[in-house]
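What follows is a short report on a single structure.
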Amino acid sequence: MCSREATVNDDAQLIAETLDGKPAAFGQLVQKYQDRLYNTVVHVVGSPEDARDIVQEAFVQAFVKLETFQKTSAFYTWLYRIAFNVAISRGRKRRPTISVERARETGGSEPADLGAGPSELLEQRERCRQVREAIAALPEEHRAVVILREIDGCCYETIAEILDLPIGTVRSRLHRARLQLRELLKDLLSVDDGFDEERAGK
Amino acid sequence: MMDSMKNVPENELFSAYVDGELTAAEQAEVERALAASPEARRLVDDLRALGSTLQALPVQRLDQDLSGEILRVAEHRMLSGRAESQADLGEPLPESIAWRAFVRRWTRPRIWLWPALAVAVSLLLVVLQPEQGRREVPAPGEKVVALAPPARKTSEPPAIGALVEAEAKPEAEKTDQSFARRLEDAKAASGPEMQGRSAPVPMLKAPAAPAADAASPAEPAKALAPEAVAPSAKAPVVAAMPSQPEAATLAENMSKAAGEVTIVVCDVTSEAIPFVEQVLANRQLALLADWDDIETDRKSDFQDGIFVGAWAGAPKRDPQKTSSRSADKMLAGIISGGAAVKDDEGVVAFHVEATPEQLEAVLADLQSRPEFVRSIARNQIAGPIAEGDLKSLLQSAVASAVKPTGKSPAAERSLGVTPRQAKAGGSAGLAPRRMLKAPPQDRSADGQTAASPETRLPTRKALEPAETEKRAPDLSPAHRQSEKSPESGKATPSEQQTKSFGKPELHQARQRAVESKDTPALDAVAGDQARGLVVFVLRSVGNPSEISDRVNPPEAAPPHSASEKKAHPAAEK
């Protein structure tokens with residue numbers, strides 16, 4: 001997976017151990033990737049509860065199907081692909097509902113800026129809410145692409161592999177998703193621009 | 001190219017430029033556009049700002065380590081054979097996947113497929129028209145000579161031919177022709193893979209004439225169809241099929257011997273599999289080991305057609321085979337092996353040996369969870385069943401339980417299928433398509449498909465002369481003759497049966513057991529009479545969401561159970 005090739009060998013070792021009858025090795029894989037996968041999935045599906053279930057299901061399916069894992073791709077990519085398939089199968093039933101408050105309560109890991117005052121914290125939360133709502137407003141196929149790129153940092157090739165799409169489709173969908181977000185977050189971005197210009201002026 | 005760059009906002013190259021995913025040529029092109037167009041520069045700035053904004057979103061983390069739960073669920077999933085979650089996702093898994101995953105664990109390619117098929121067809125014959133072929137009550141001690149051997153010496157005349165030399169009465173011919181037509185229909189339904197192939201029939205020799213209803217008990221195997229006279233590769237199955245009355249006699253004979261076989265047909269949901277397994281485990285019922293996993297010295301017991309007690313030990317596994325199967329390894333120590341027959345579309349049959357108390361407890365356990373086990377039908381047909389017969393029985397049970405081609409109330413009775421099950425589309429019937437699959441064996445050149453001894457085909461073993469003598473003092477003359485003149489040129493049916501048992505030492509051992517204990521040979525060898533054979537036929541009635549449609553008409557759909565609701569959390573939201 002792009003910048004994470006170094007982990008592939010480690011993962012391969014853990015996979016081999018798992019297939020050799022050491023499930024604890026798979027436990028290490030879970031511990032290694034569960035938060036990262038969750039962070040991606042929760043932005044895709046919006047619901048922390050659903051995201052948790054999807055992450056768990058993806059790992060379970062990965063374990064059950066581990067024999068079929070092709071070493072040609074990274075485990076993480078394969079795991080993502082499973083997770084997205086699970087998410088898609090569930091997501092077709094309902095639109096994502098971003099619940100920032102619930103995400104904070106359940107996921108609970110939104111880091112606070114320790115140096116920020118109460119008003120700044122409120123402002124941060126408001127910005128997060130707006131961004132999440134904008135993401136949730138995207139069409140499903142656009143949302144997945146932009147999250148994989150912006151939240152998870154996947155390269156186009158990896159996104160194409162995870163979502164089983166041609167790279168050209170990834171590129172076009174990503175651009176359209178960004179244009180929509182640009183429109184949805186127009187105010188936010190202009191504030192940022194103003195903030196940046198103000199800071200540059202100093 | 002510059003024309004395309006004029007369309008600034010929509011041009012996806014700007015996103016790729018921000019992401020560094022452009023070729024050198026594209027990069028140069030975008031940079032030229034940026035130099036020339038303020039709008040392009042503004043777009044790129046916005047895209048970069050957008051990226052920063054999205055990446056600044058707080059990272060969401062799980063507040064717990066899921067590894068333990070994941071491994072637990074995965075293990076359960078593998079044991080239950082489900083490829084994917086149903087309850088977790090609130091989405092029913094396609095039934096066939098779940099069942100295929102389950103049966104994959106319990107089944108392997110088996111050498112007994114074809115001989116089992118042949119016996120199964122004969123059993124199906126009984127199932128299809130029991131009224132014609134079944135006698136009311138078998139006379140105790142009547143002659144019990146069931147099936148002919150699977151093997152014959154090449155120097156001997158074909159078994160079929162030998163049988164055919166017996167007189168054939170017009171009535172029997174008529175019956176057999178009728179059956180032949182049905183069988184041809186069945187073959188046609190089995191798909192093109194069966195067409196033109198010679199079918200295995202070695203063990204399907206006509207049994208000796210039943211003592212109770214045969215006009216002349218001395219006539220052995222009188223009712224073969226005319227087609228059987230001329231060896232024909234086109235219709236070997238037909239040729240070897242016993243007439244219906246004789247097939248019924250076969251069933252009767254099977255039920256005459258020691259021990260009983262209980263067939264338990266359960267309509268279950270796909271999710272019931274782990275529950276059933278747990279019930280069996282709770283009652284200390286281990287599945288009898290898979291044929292391939294049975295130690296070699298044990299195989300002889302099975303091959304000789306006798307179950308020696310309740311063999312339920314841990315199966316012997318080939319280390320190399322196991323090591324090459326990581327999935328097995330991942331489940332090592334959990335699965336203890338099993339013997340089962342499956343159908344890809346939702347029926348699994350397997351067997352255990354259980355005491356009556358164990359059986360009752362298991363049935364009670366099963367009945368206690370109606371959300372898993374929709375209905376249970378139980379039927380005792382009595383035994384004993386040899387290894388090959390057992391699997392034939394399983395095949396037959398599966399075939400009867402799956403996708404019936406026609407309703408047959410009699411068949412339902414035969415398998416103990418309740419009317420409700422029949423209503424669910426589970427009425428028993430001939431399902432040859434499921435049974436007649438890839439023949440693994442070479443066929444003999446003459447198309448009569450006599451099995452070679454090397455194939456060690458487990459088959460229905462007839463009672464041997466000695467034990468038959470013990471059980472049936474009033475042996476038919478034909479049978480007696482076979483005992484007295486074993487070296488006669490043309491084998492009588494019973495003689496062939498004797499030869500079919502394979503290892504002579506085992507035959508002798510059983511003879512000795514009879515002589516020394518003055519008890520039926522089978523019992524003497526089998527020993528543990530407290531245990532009976534129980535064949536479980538699990539018939540999937542689909543996932544909870546499908547059950548109401550399949551089991552009941554829409555207007556009478558039952559309320560979903562609590563577990564079913566749990567399986568669909570999404571639907572409640």
Side-chain angles (χ1 to χ4, degrees), chain A residues 18-21 23 26-28 30-31 34-35 38-39 42-43 48 51-53 55-57 59-61 63-67 86 89-90 93-94 103 106-111 127-128 131-132 135 146 149-151 153 155-156 171-172 174-176 178-179 181-182 185 188-189 192-193 196, chain B residues 9-16 18-21 42-43 45-47 49-78 82-85 88-91 101 323 325-333 569-571 573:
Chain A
T18 304
L19 292 174
D20 203 36
F26 194 81
Q28 293 182 46
V30 173
Q31 292 162 359
Q34 68 164 33
D35 283 336
Y38 173 80
N39 185 49
V42 77
H43 284 102
R52 184 191 182 285
D53 289 347
V55 168
Q56 174 169 317
E57 176 62 21
F59 275 113
V60 168
Q61 288 191 22
F63 183 87
V64 173
K65 301 174 182 173
L66 198 57
E67 270 189 309
V86 173
S89 68
R90 296 179 59 132
K93 294 185 176 62
R94 56 183 182 274
T106 310
S109 60
E110 187 173 322
R127 286 163 57 88
C128 288
V131 173
R132 287 182 174 125
I135 291 172
V146 78
R149 174 61 203 172
E150 302 288 14
I151 305 292
C155 62
Y156 286 13
R171 188 160 77 173
S172 62
L174 180 57
H175 187 62
R176 273 180 271 155
R178 282 170 164 163
L179 291 181
L181 287 175
R182 181 195 187 204
L185 298 172
L188 203 64
L189 295 175
D192 285 344
D193 289 345
D196 290 341
Chain B
E10 284 75 27
N11 195 308
E12 63 198 36
L13 287 184
F14 290 107
S15 264
V18 171
D19 294 328
E21 295 267 1
R42 193 160 49 247
L43 173 62
D45 287 344
D46 282 351
L47 294 179
L50 179 65
S52 298
T53 301
L54 294 172
Q55 290 157 24
L57 282 172
V59 174
Q60 302 287 312
R61 290 189 174 86
L62 286 163
D63 51 6
Q64 66 181 104
D65 179 3
L66 294 181
S67 58
E69 175 71 4
I70 285 168
L71 290 175
R72 188 190 65 77
V73 173
E75 180 182 273
H76 182 266
R77 190 84 56 86
M78 293 182 80
R82 285 184 298 162
E84 297 172 34
S85 165
D88 296 347
L89 296 182
E91 190 168 79
S323 64
R325 300 182 58 179
S326 299
D328 280 355
K329 222 169 187 180
M330 291 158 75
L331 287 170
K573 292 182 180 178

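Values reported hereafter were calculated over all heavy atoms of this structure, with side chains retained and with hydrogens, waters and symmetry mates removed. Every chain is numbered from 1 and lettered A, B, ... according to where its sequence line falls, protein lines coming before strand lines.
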Heavy-atom pairs under 4.5 Å with chain A, option from B:Asp19, B:Leu50, B:Leu43 with the top count: B:Asp19
Under 4.5 Å from any heavy atom of chain A, what part of B:Leu54 do you find: side chain, backbone, both or neither? both
Between chain B and each of A:Leu185, A:Ile151, A:Leu181, count heavy-atom pairs under 4.5 Å; write down the option with the most. A:Leu181
A:Asn39: what forms a side-chain hydrogen bond (donor to acceptor under 3.5 Å, both in side chains) with it, not counting sequence neighbours? none
Carboxylate-amine/guanidinium contact A:Glu57 B:Arg77, below 4.0 Å: yes
Partner residues of B:Arg42 under the side-chain hydrogen bond (donor to acceptor under 3.5 Å, both in side chains) criterion, sequence neighbours left out: none
Pair B:Glu69 + B:Arg72, salt bridge at N-O below 4.0 Å: yes
Report which part of A:Arg176 has an atom under 4.5 Å of a heavy atom belonging to chain B: side chain, backbone, both, or neither. neither
